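Following: one structure in structure tokens, then a few remarks.
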Amino acid sequence: MAINKRDYEKVETCLFIHKAKPNVFLLRKVISGKYFTKVLILDLRSGWSKREYKIEAKKELIKWLENINKQAKGLKFKDTTRVNDLFELWKSKKDSSKKSVASDIAFYETYLQDSIGKEIVIDVIAAQIDEIIYNLMHVGKFNQVVGKIQILSKRTAYDNTRRILGEMFDIALRNQLIVVNPCSLLTKVTSQTKKIIVKDAVDKFYKLKMAIMELYKDDPFWRGFFLLCLYGRRKGEVTSLKWENIDLQNDVYYLLDTKNGNDYKKPLPQLVKDAILQIPADKHGLVFGNPKTGEPIQNTDRQKAKLDKFVGFDDFKLHGTRHISSSALEELGANSDIIKDHLTHKRDGVTYKHYVTYDTYNNSCKALEMLENIVV
């Protein structure tokens, strides 16, 4: 039905009331030559005069003006935008080829999407996200990849959820869809991670190295895998290492897109080089890929249990190899810079972040030399 402006009289700028129907209003605004118009019909209320209807219409006018101002600016949001819509926009701005980004996307899709994805963005509050984090830590969530319910550590549940959703809601905040990021109001969850103390680390390093060499003397695949872990690499860095990132001629390899987002050049230990050169492979793709599929190996539990039994370390964990090698370096007198670069921990501080081009390779070489000279 066409709108006849003669049927309305002005209440204030952008708001007009129908002359015959006190519950009907015309909302009208011009922005950059473009007309925005809406007929607002309020519910009839017993005992209401024009004054009450006008007060209610003014409230609706404020909401409407906010919405059309966003539309006029070409924003992609509206009051019904859902968190999943925000996720898709956030994802489109990321480089999904990076492992860290792919990991964040997988975390949202696995642990957050079912709980919050269908919620309207403007309705999400901090307490709601607090509850999601609590459930991830205490109830768990079914992970289809591993086929079981996983209960996340406090650090993983809180830090990842706050960071990923925080980045998403920041987009909504910058586009004036919300006035406060709910992730900035989360109840802080303190990490209960305990520092692992490794006693007699030099002796443990040597025994573990000898055990790997003996147990896997006829299996270069697992010999190289466990040795590289022992020399300070994370499991994910080992399983994702590609042949094209190894320079056999110069005895170096490169870690790309690591956990902290940086790339690193590392010296290739001779024992690891000897092992991988014996792996019957075409030297393409992953060094430690699944022999049948070429995909990254997922489960190392059986080989880990085999090594556990052979070496006799009750407290031995695969990630614990990093604690063993770094503690061994400390016992040998290595300074904190050498240990930090050996582990590829990120250097903090404004100086290193913005001004100094720091070569971690030299310290990595010093660390390798110290570890290679261990003889018990």
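Source: prediction; values computed, not measured. Only this structure's heavy atoms are used, side chains among them; waters, hydrogens and symmetry mates stay out.
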**Prompt:** Would Leu277 and Leu227 show up in the same hydrophobic cluster when neighbours are defined by side-chain heavy atoms closer than 4.5 Å?
**Reply:** yes
**Request:** Would you indicate whether the side-chain heavy atoms of Val252 and Leu268 approach each other to under 4.5 Å?
**Result:** no
**Request:** Work out which heavy atom in Cys14 is nearest to a heavy atom in Leu65; give both atom names and the distance.
**Result:** SG-CD2, 4.4 Å
**Arg162 with Glu167: basic N within carboxylate O range, under 4.0 Å** = no
**Request:** With rounding to the nearest 0.5 Å, note down the distance linking NZ in Lys366 to CG in Asn363.
**Result:** 5.0 Å
**Message:** If we count only N and O atoms by modelled type, under 3.5 Å, do the side chains of Asn84 and Tyr108 hold a donor and an acceptor together?
**Reply:** yes
**Prompt:** Between Thr156 and Ser153, is any side-chain donor less than 3.5 angstrom from a side-chain acceptor?
**Reply:** yes
**Prompt:** Is the OH atom of Tyr134 crowded by more than 12 outside heavy atoms at less than 6.0 Å?
**Reply:** no
**Request:** Give the minimum heavy-atom separation between Trp64 and Phe36, together with the two atoms involved.
**Result:** CH2-O, 3.3 Å
**Straight-line distance of Ile338 CD1 to Asn335 CG, nearest 0.5 Å** = 4.0 Å
**Item:** Check: Leu230 main-chain N/O paired with Arg322 side-chain donor or acceptor under 3.5 Å
**Value:** no
**Message:** Hydrogens and angles aside, do Asp274 and Gln278 bring a side-chain donor and acceptor to less than 3.5 Å of each other?
**Reply:** no
**Asked** Ile116, Ile122: one ILVMFWY side-chain cluster at the under-4.5 Å cut-off?
**Response** yes
**Request:** Without swapping roles, check the side chain of Lys273 against the backbone of Leu248 for a donor-acceptor pair under 3.5 Å.
**Result:** yes
**Request:** For residues Glu60 and Leu40, report the shortest heavy-atom separation together with the two atoms involved.
**Result:** CB-CD2, 3.7 Å
**Asked** Counting only N and O atoms by type, is there a donor-acceptor contact under 3.5 Å from the side chain of Tyr111 to the main-chain atoms of Ile132?
**Response** no
**Asked** Between Phe205 and Leu371, is any pair of side-chain heavy atoms under 4.5 Å apart?
**Response** yes
**Request:** Test Lys188 against Tyr158 for side chain to side chain contact (heavy atoms under 4.5 Å, CB included), laying out the working first.
**Result:** CA-CA 8 Å; Lys188 187 173 182 179; Tyr158 175 74; 3.8 Å; yes
**Message:** Determine whether a donor-acceptor pair (N or O, by modelled atom type, separation under 3.5 Å) exists between the side chain of Glu331 and the backbone of Ala201.
**Reply:** yes
**Request:** Measure the acute angle between the ring planes of Tyr216 and Phe226, then classify it against the limits of 30° and 60° as parallel, tilted or perpendicular.
**Result:** parallel
**Item:** Heavy-atom pair of closest approach, residues Ile125 and Pro182
**Value:** C-CB, 4.0 Å
**Message:** Working note: Glu52 + Ser49, criterion side chain to side chain donor-acceptor pair (under 3.5 Å); need CA distance, chi angles, decisive distance, verdict.
**Reply:** CA-CA 6 Å; Glu52 282 80 15; Ser49 64; 2.4 Å; yes
**Complete:** For Pro22 and Ile17 the tightest heavy-atom approach is O-CD1, 3.6 Å
**Request:** Give a yes or no on whether the backbone of Asn250 and the side-chain of Asp247 come within a donor-acceptor separation of less than 3.5 Å.
**Result:** yes
**Prompt:** Within a reach of under 6.0 Å around NZ of Lys21, are more than 12 heavy atoms found that belong to other residues, nucleotides or ligands?
**Reply:** no
**Message:** side chain to side chain contact (heavy atoms under 4.5 Å, CB included), that's the test. Do Val180 and Leu185 meet it? Break it down for me.
**Reply:** CA-CA 9 Å; Val180 62; Leu185 304 175; 4.3 Å; yes
**Message:** One pair to check against side chain to side chain contact (heavy atoms under 4.5 Å, CB included): Val83 and Met168. What are the steps and the verdict?
**Reply:** CA-CA 8 Å; Val83 176; Met168 290 167 52; 3.7 Å; yes
**Prompt:** Between CG of Leu152 and CG of Asn135, what distance do you get to the nearest 0.5 Å?
**Reply:** 11.0 Å
**Carboxylate-amine/guanidinium proximity below 4.0 Å for Glu214 and Lys217** = yes
**Item:** Any side-chain heavy-atom pair of Leu215 and Leu307 under 4.5 Å
**Value:** yes
**Request:** Mark yes when over 12 heavy atoms from residues, nucleotides or ligands other than Lys242 sit less than 6.0 Å from its NZ; otherwise mark no.
**Result:** no
**Asked** Is the count of non-hydrogen atoms from other residues, nucleotides or ligands lying under 6.0 Å from Glu131 atom CD greater than 12?
**Response** no
**Asked** About how many Å separate OG1 of Thr344 and CZ of Arg234, when rounded to the nearest 0.5 Å?
**Response** 4.0 Å
**Request:** State yes or no: are the ring centers of Phe288 and Phe221 separated by less than 6.0 Å?
**Result:** yes
**Asked** Leu86 and Phe169: side chain to side chain contact (heavy atoms under 4.5 Å, CB included), yes or no, with the steps?
**Response** CA-CA 8 Å; Leu86 205 57; Phe169 281 102; 4.2 Å; yes
**Request:** Answer yes or no: is there a side-chain heavy-atom contact under 4.5 Å between Arg28 and Lys5?
**Result:** yes
**Prompt:** Between Phe225 and Trp222, what is the ring plane arrangement, given parallel below 30°, perpendicular above 60°, and tilted in between?
**Reply:** perpendicular
**Asked** Does Lys265 count as lying over the ring of Tyr361, i.e. NZ or CZ under 6.0 Å from the six-ring centre, within 45 degrees of the axis?
**Response** yes
**Item:** Polar side chain donor-acceptor pair, Asp341 to Ser364, under 3.5 angstrom
**Value:** no
**Prompt:** Salt-bridged, Glu12 to Lys58, with N to O below 4.0 Å?
**Reply:** yes
**Message:** When you measure from the side chain of Thr110 to the backbone of Phe107, do you find a donor-acceptor pair of N or O atoms at a distance under 3.5 Å?
**Reply:** no
**Prompt:** When you look at NZ of Lys283, are more than 12 heavy atoms from neighbouring residues, nucleotides or ligands closer to it than 6.0 Å?
**Reply:** yes
**Message:** In the structure I gave you, are the side-chain heavy atoms of Ile276 and Pro220 within less than 4.5 Å of one another anywhere?
**Reply:** no
**Message:** Looking at Asp104 and Arg163, is any side-chain nitrogen of the basic one under 4.0 Å from a carboxylate oxygen of the acidic one?
**Reply:** yes
**Working for side chain to side chain donor-acceptor pair (under 3.5 Å), residues Ser326 and His342** = CA-CA 8 Å; Ser326 59; His342 163 71; over 6 Å; no
**Asked** Mind checking whether Pro296 and Leu286 have side chains closer than 4.5 Å, heavy atoms only?
**Response** yes
**Item:** Main-chain N/O of Arg82 paired to Asp85 side chain as donor or acceptor, under 3.5 Å
**Value:** yes
**Message:** Are Leu241 and Val238 packed together at the side-chain level, in the sense that at least one heavy-atom pair is separated by less than 4.5 angstrom?
**Reply:** no
**Request:** Determine whether the side chains of Asp170 and Asn181 contain a donor N or O and an acceptor N or O closer than 3.5 Å.
**Result:** yes
**Request:** Calculate, to the nearest 0.5 Å, the distance between atoms OG and CD1 belonging to Ser115 and Ile129 respectively.
**Result:** 11.0 Å
**Message:** Side chains of Glu372 and Tyr231 only: does a donor on one sit below 3.5 Å from an acceptor on the other?
**Reply:** yes
**Asked** Looking only at heavy atoms, which two atoms of Ile151 and Gly140 are closest? And how far apart?
**Response** CG1-CA, 3.8 Å
**Message:** Between Asn23 and Asp43, is there a side-chain heavy-atom distance shorter than 4.5 Å?
**Reply:** no
**Message:** So that I can tick it off, tell me whether Lys63 and Glu66 are bridged by a salt bridge, with the cut-off set at under 4.0 angstrom between side-chain N and carboxylate O.
**Reply:** no
**Item:** Whether Ser103 side chain and Ser100 backbone form a donor-acceptor pair below 3.5 Å
**Value:** no
**Item:** Ser327 side chain to Glu330 side chain, donor-acceptor N/O pair below 3.5 angstrom
**Value:** no
**Item:** Under 3.5 Å side-chain donor-acceptor pair for Arg233 and Thr321
**Value:** no
**Asked** Going from NZ on Lys204 to CD1 on Ile324, what distance comes out if it is rounded to the nearest 0.5 angstrom?
**Response** 6.0 Å
